[in-house]
Each structure stands twice: as structure tokens, then as C-alpha cells.
Amino acid sequence: MIRPRHFARRAVSSAAPVLLALLVACSSHSRDTAIMLDGTGTGRIFEGIGAASAGASSRLLDDYKEPYRSQILDYLFKPGYGAALQHLKVEIGADVNSTDGAEPSSMRSRDDRDYTRGYEWWLMEEARKRNPQIILDTLPWGAPGWVGSGHFYSQDMADYVADFLQGAQKQHHLDIAYTGVWNEKQFDSTYVKELSRTLAAQRIPAKIVCCDEYPGEGLGQWSIVDAMLKDAELNTAVSAVGVHYPIVDGKYTTPANARTIGKPLWSSEDQPNSGGGPIVSREWPIGGRILARLYNRNYLTGGFTKTEIWSPVTSYYDLLAAPNSGLMYANTPWSGYYNVQGAIWATAHTTQFAQPGWQYLDGASGLLSEQGSFVSLKSPNGKDWSVVIETIDAKQPQKITLAVRGGLTSTTIHVWETNNQHTFEHVGDLEPQDGKFSYTLDPDSLYTFTTTVGQGRGTAAPPGESSFPLPYADNFEDTALARAPRFLSDQDGAFEAHPCLQRKGRCLEQVITVKPTPWGPLPDPFTLAGDAKWSGYRIAVDFLLHGDGPVTLMGRIDSADVFKDGKAPWPSGYVLRIEPGGKWALSSAVYKATTRELASGVVPLSAGRWHHAELAFKGNQVSASLNGKTLADTTDASHTHGMFALGTGWNRAQFDNLSITPQ
């Protein structure tokens, strides 16, 4: 974890001899880089840095208790404290898996409207409390089953998006500035224009970003530009061109016609994760280094004026897809632990020193002579300025000489640095001589030189990390009606507390019965929790079937990555499936939809009545029972450890008195 630390400041005197001694000395093998900051220079308008809360990436954040939940939010959104995010994009949920789970829909039928389901409304409100100027954005990943009779691109979908935006304004007083089309799917020009007309007809001011496509998707992630050049109505409908992960084989994909079309270009989804697993071991870890390069080069080489990171915070279980995508790490709400990673401070080096509406100065932006890059920005008042410089790939110190003219302030310059020795630290102040100063940059570092003030590094620290509690039990009586219980993470469908049928109290009920239009793989509904390291334990639960589909108990789940698991209806682990007629099967589910049945049979079972099922693991022994009678007792070594889950088909079913006990 990056804990706030106090380093001795590298004080810089205004006396010329001291400046020369401290700053001008440079390796004889490196060449100086001259940077001329001219207030009359030109460049595109900086539109900010943000993050996308989507794919259920923020699921566990709402389960944190105070004060730790607010501390995490401060590190993400509070100006002058941490990442100080300037944009927040959220998913328009559809009760369908969108990477790491299913986000709830606000309209589960044409007549259903509930603008309190899920956590995105809450997250937007919390972000706005901390930064009233934050810009909000939305994007759907899937669609509820009623939309367009299964056809995403439809008037129904345009109306659904419009209703979400109106609900945000009417119930939460959230003005959402932008909305997208369909995450990483080939766009449909007719639908884009239909969405534009729908928003205009309902006087919704949100502008359209198009089309959030992944490299290689459909006709190509930049094909929207060709279409806009041929279709005047489409060109008018689209306010910004957004693409995902615009670097392929180390090269930016931005075509020439995108740079001249006259629309802002956004990297509307990027990521600090290198694919090497959790990035939590060092103060200046690889995730921060990646973003230090990315933010500068997205503008310099890609032409992007806005970058959004998926995700703001890793608040989903590690065995789900794309672990550690976030700027920070917070997925153990039972402990209160979180990790402020280097990606937070790499982001802060831009967001705490320049705001949306500032202007890039192209003449003072470029590449350093000895590896690294720099971008310069000036404020709308034409006086304040900031220069962000990264030397991540540099192997030796190198000197810059920076001159200021054209009305820009040339008084005190504040220097901030991040590397293995300094964590977003104000290391000194400079007093330019005749509007000019020199400075020697350390390799593998990130700097900001600025005339602005008000920056800061948060001081809150979390408690220690602890494992998921075992034994664990929940009778759902403390869960708010129509809301998800703490720690359970829905992977498809929606598992919520509702009044029990045929018994008193509250029960957990899966309520989605019509398959949504998916974005990616579509497993059967299940909700997941626990610890990936668990080995010997027993799952016990009461269940009630309505007669139209099964229930499943799952354990030793060692992967729930929907992309790895292919078309499998369940995650990788042991699955006990019980159908209304009494047919049951105990199976081992593994990658790529391969399911091996270990035991099966038929027992008397009455639908519409409560039953009790158990699934237990001890060493290589796997056993299952129903209503106190053994169904199977077998030996298998396919899965040695993992989490637990409750599931259904696309049918309603209730669960009660869930318990997990060690064996």
C-alpha cells in the first residue's frame, strides 16, 4: 500500500549559484531538451481524465463501512487529495453480465421504473458531492429482455437510455453530459441518429459519444469517422468520437481523417493494468508507470483530449475477469482495507494541475531527448500553466531548460515528483531568471511543474487486510427489500431480498426471468462470495422452487472469468443442480464449457415448498445432500479451493438461512 510519507524536500533556492549547482548539472552523455512555453501558442482543449464504473467493477465499494468508504471516495474524487477525477462514466445496467457481474436495470419491464437500484446512482452522487464540477457520462453494455424483443438497436433502447438520463435528473439531480451507444459493439448508424432524435424530442441535453469500439471490432473502431463523413445527419448526431484501447502492437490507431473531422477524440476506455496480475507491491508500481506514459502520449501521439480508465477502483473479487483494473484496490469490505496504488498519483500529476477547459500548448509538448515525454497546458486566464513530464523509460538523468513568454506567469514554479523515492511530493520551488530555468530530471520519474497551488496528498490510511469471514451466515433479515445482500456479487440476473413465500421474514430471490440482450458471454444467473483460498467447507441453504426452473449450489469456484469460461452456464467449480421435478446432478465445471458429471439421480421433490440442500468439501471428497439425505459422496480432485455461489436458471427461486462452515 502507498502510505502517505514525509520526505525531506529538495529545497531550491532562488540564488543563481545554488540553482546552477543543484539544477543545471547534467550527465555529459545526455542532451538538453528546450521547452518554450508561449502563451500565444495553439493546441487542442484538454477535456480531462476520468474513469468508467462499469462491468460491476464497483460492486463491493458500497459494502464498505465508514469511515473507510468515504476515504476511498476521497482518494478518487476529492480535489487536491488523490486522483481528483474529472469525469465519471457509469454503466446503464441491464441485469446481465458485463465483465465482472451484472448491474441492476432501472426498467425491468416497460412499466417498471426504479432509479435507486444498484450503486451507480450513489456513486455519481458521492462523486458530485466531492467535485461539483465533475462531468458525468453513461454507456450501456446490455439491454433488458423486453427491449426491442431482443434487438438492442431499437426505439425501445433509445427510450431506455433517455429514461435513465431523465431518472438521474429527476430523482438524483444529476445532470449527465454524455451518453454512448453500445459498449464495444459495431455501431448502427440508423440507431445513433434515432437516439439523437429521441434525446432532442425529450429535451435531454446529453450529447452522444460514438462508438466505444475495441480494436478489431466489426468494421474497425474508427469506422464511425468514415460514416460521419458520408452522412451529415450522423455527423451532427455525434459530438465526440470515443474508442477503447487505441494502442495496438505499440502503435496508436488514430487515422488521419479522425484528426481533421472537427470532433473531440477520446480514449474512452484505457487501463493501467499490464496484464501481469495485481499491482500492489511497490510504491511506484507498473500501473502508475503505464499511466504516466499513457496520459501524455494519448495526446501527443493519439490526438486524444480526454482519457477514461476502466475502472476507478477494483471493487470486485479477484477471480473474476480482468483483476486489478482500477486506479486503486478495495475489494475486502468486511475488513475495511484498501490500497492507494501508484495509478492514483500518476493521475493526480495531471488532474490536480489542469482542469477541463485548459488548452494544450503544442509548441511546448513533445518528446525528451533521452527518453520520456512532456505536455504543457495553460489556463483559460492565459496566465497559469502546468507542464507534466515523464521519464519512465529513461536510464540516466537529463536536463530540461524551460522558458516562459506570451503573457504566462513566470514567477514561482512549484515542482512535484513521483518515483521510488517520492510519492506525489512537492519537492521544491523555482524562481526563474529572466523567464527561464533549468532542471535535471531523474530517470523513471513523473514530474509536474506548475504555477498553480492547492494540490495535496491524502493522509487517510486503512486498517489491515483480513480474509472473508468463516463461518459465514445470512438469513437476509437485515437486507433492505429489493436490494442485494452485502458481499454477494451477482454474475447474471438479480438476487435481492424479498418477502419469503410460505414462511415469515425476508429471503433472497432471483427475479429476472427473461434473458437480457447480452454484451458478452451469458452464464446462468448466480451470485458469488467467499474466499478463493477456501478448501474444506460446507454450504447449506434452504430453497424454494416455483416450478419453472432449477436452483444450483456451487463451491470451490476457482475461476468465474466469463471470457475464460467460454459458453459455460456456470463458473469453474463444483455445481449441484436441483430441478423442480426432483432431477439432480453433481458436476465439475471447467474452462471452455466442459462439464463432467460426477453423479446424478431423481428424488421426490415438491415444487412450491421449502427444501434444504448442502454441498461439502473435505480433501478430495465432494458430497451433496437434500433434506438431510445423501445424494452423492464422491472423490474428485478437479477443484481444490475456491469461493461459493447460489444460482438458478432464468427463473425465480428463493433462498434462506445460508451458512458456510469449515469442514
Side-chain angles (χ1 to χ4, degrees), residues 473-476 485 488 490-515 523-529 537-557 568-571 573-589 595-618 621-636 644-661 663:
D474 199 341
N475 61 10
F476 312 111
L488 289 179
D490 298 350
Q491 296 304 298
D492 250 329
F495 292 78
E496 303 171 340
H498 288 276
C500 295
L501 301 174
Q502 301 183 19
R503 62 169 57 176
K504 294 181 179 179
R506 297 181 181 183
C507 291
L508 183 69
E509 183 169 4
Q510 200 292 111
V511 299
I512 306 301
T513 59
V514 179
K515 287 185 179 182
D524 284 350
F526 69 97
T527 190
L528 169 88
Y537 62 94
R538 178 181 299 271
I539 312 164
V541 72
D542 298 338
F543 69 90
L544 181 145
L545 285 168
H546 292 277
D548 55 355
V551 297
T552 53
L553 275 68
M554 291 170 262
R556 284 189 175 174
I557 298 171
W570 312 300
Y574 292 108
V575 181
L576 173 63
R577 176 184 172 94
I578 303 171
E579 298 186 13
K583 184 178 179 181
W584 64 271
L586 176 63
S587 303
S588 170
T595 300
R596 181 167 51 88
E597 191 173 279
L598 303 177
S600 63
V602 179
V603 295
L605 184 71
S606 300
R609 296 181 60 182
W610 282 95
H611 301 277
H612 181 81
E614 297 187 6
L615 182 61
F617 314 99
K618 189 173 184 179
Q621 193 156 3
V622 182
S623 60
S625 66
L626 179 65
N627 296 328
K629 296 182 179 180
T630 299
L631 294 177
D633 194 349
T634 187
T635 299
D636 188 82
F644 75 90
L646 301 175
T648 65
W650 293 96
N651 57 276
R652 298 181 83 100
Q654 288 195 336
F655 302 89
D656 199 9
N657 299 322
L658 170 66
S659 68
I660 315 295
T661 54
Q663 284 276 91

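Note that the coordinates shown come from a computational prediction; the quantities given were computed from them, not determined experimentally.
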query = Taking D524 for the side chain and P569 for the main chain, is one N or O donor matched with an acceptor at less than 3.5 Å?
reply = no
query = Does any N or O in the side chain of W570 come within less than 3.5 Å of the main-chain N or O of S588, such that one atom is a donor and the other an acceptor?
reply =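 Flag not set: sc W570 to bb S588 has no pair under 3.5 Å.
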key: side-chain hydrogen bond (donor to acceptor under 3.5 Å, both in side chains) partners of S625, counting only residues at least two apart   =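 In terms of side-chain hydrogen bond (donor to acceptor under 3.5 Å, both in side chains), with neighbours along the sequence ignored, S625 is linked to no residue.
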message = Under the rule for side-chain hydrogen bond (donor to acceptor under 3.5 Å, both in side chains), what residues qualify as partners of S600, not counting sequence neighbours?
response = E597
inquiry  = Test of understanding: with side chain to side chain contact (heavy atoms under 4.5 Å, CB included), list the residues that count as partners of V514, not counting sequence neighbours.
reply    =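 Partners of V514 by the side chain to side chain contact (heavy atoms under 4.5 Å, CB included) criterion come out as none, since no residue qualifies.
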Quick one: [atom1] on [X] to [atom2] on [Y], what's the gap to the nearest 0.5 Å?
X: F655; Y: N475; atom1: CZ; atom2: CG; answer: 15.5 Å
X: L586; Y: L631; atom1: CG; atom2: CG; answer: 8.5 Å
X: H612; Y: N627; atom1: NE2; atom2: CG; answer: 8.5 Å
X: E614; Y: S623; atom1: CD; atom2: OG; answer: 8.5 Å
X: W584; Y: L553; atom1: CH2; atom2: CG; answer: 13.0 Å
X: E496; Y: T527; atom1: CD; atom2: OG1; answer: 10.5 Å

Do [X] and [Y] touch side chain to side chain, with heavy atoms closer than 4.5 Å?
X: P571; Y: M554; value: yes
X: W650; Y: I512; value: yes
X: F644; Y: I660; value: yes
X: K629; Y: V603; value: no

What closest approach, in Å, do [X] and [Y] show between heavy atoms, and which atom pair accounts for it?
X: P499; Y: Q654; answer: O-NE2, 3.1 Å
X: F495; Y: G647; answer: CZ-CA, 4.1 Å
X: A624; Y: L576; answer: CB-CD2, 3.9 Å
X: N651; Y: Q510; answer: O-NE2, 2.9 Å
X: I578; Y: A613; answer: CD1-CB, 4.1 Å
X: L658; Y: I539; answer: CD1-CG2, 4.2 Å

task = Could you check L508, L615, L646, V551 and say which one makes a side chain to side chain contact (heavy atoms under 4.5 Å, CB included) with V541?
result =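 Among L508, L615, L646, V551, the one that satisfies the side chain to side chain contact (heavy atoms under 4.5 Å, CB included) with V541 is L646.
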task = Enumerate the residue pairs fulfilling salt bridge (charged side-chain N to carboxylate O under 4.0 Å, His left out) with a member in residues 573-582, sequence neighbours excluded, ordered by first and then second residue.
result =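 As it turns out, the salt bridge (charged side-chain N to carboxylate O under 4.0 Å, His left out) pairs with a partner in residues 573-582, which skip direct neighbours, are R577-E579.
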query = Pairs in or reaching into residues 505-514: which pass salt bridge (charged side-chain N to carboxylate O under 4.0 Å, His left out), with residues at least two apart or in two chains?
reply =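 Counting only pairs at least two positions apart or across chains, the salt bridge (charged side-chain N to carboxylate O under 4.0 Å, His left out) contacts touching residues 505-514 are E509-R652.
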message = Which residues pass the ring-ring contact (aromatic ring centres under 6.0 Å, His included) test with F543, not counting sequence neighbours?
response = H611
ask   = By ring-ring contact (aromatic ring centres under 6.0 Å, His included), which residues pair with F617, not counting sequence neighbours?
value =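 Partners of F617 under the ring-ring contact (aromatic ring centres under 6.0 Å, His included) test: Y537, Y574.
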note = Residues pairing under side chain to side chain donor-acceptor pair (under 3.5 Å) where one sits in residues 544-553, two or more places apart or in two chains, turn out to be none
Run the salt bridge (charged side-chain N to carboxylate O under 4.0 Å, His left out) test against [X] and tell me which residues pass, sequence neighbours left out.
X: D656; result: R503
X: D474; result: none
X: R609; result: none

task = For the pair L605 and L545, evaluate side chain to side chain contact (heavy atoms under 4.5 Å, CB included) and give the outcome as yes or no after the intermediate values.
result = CA-CA 10 Å; L605 184 71; L545 285 168; 4.3 Å; yes
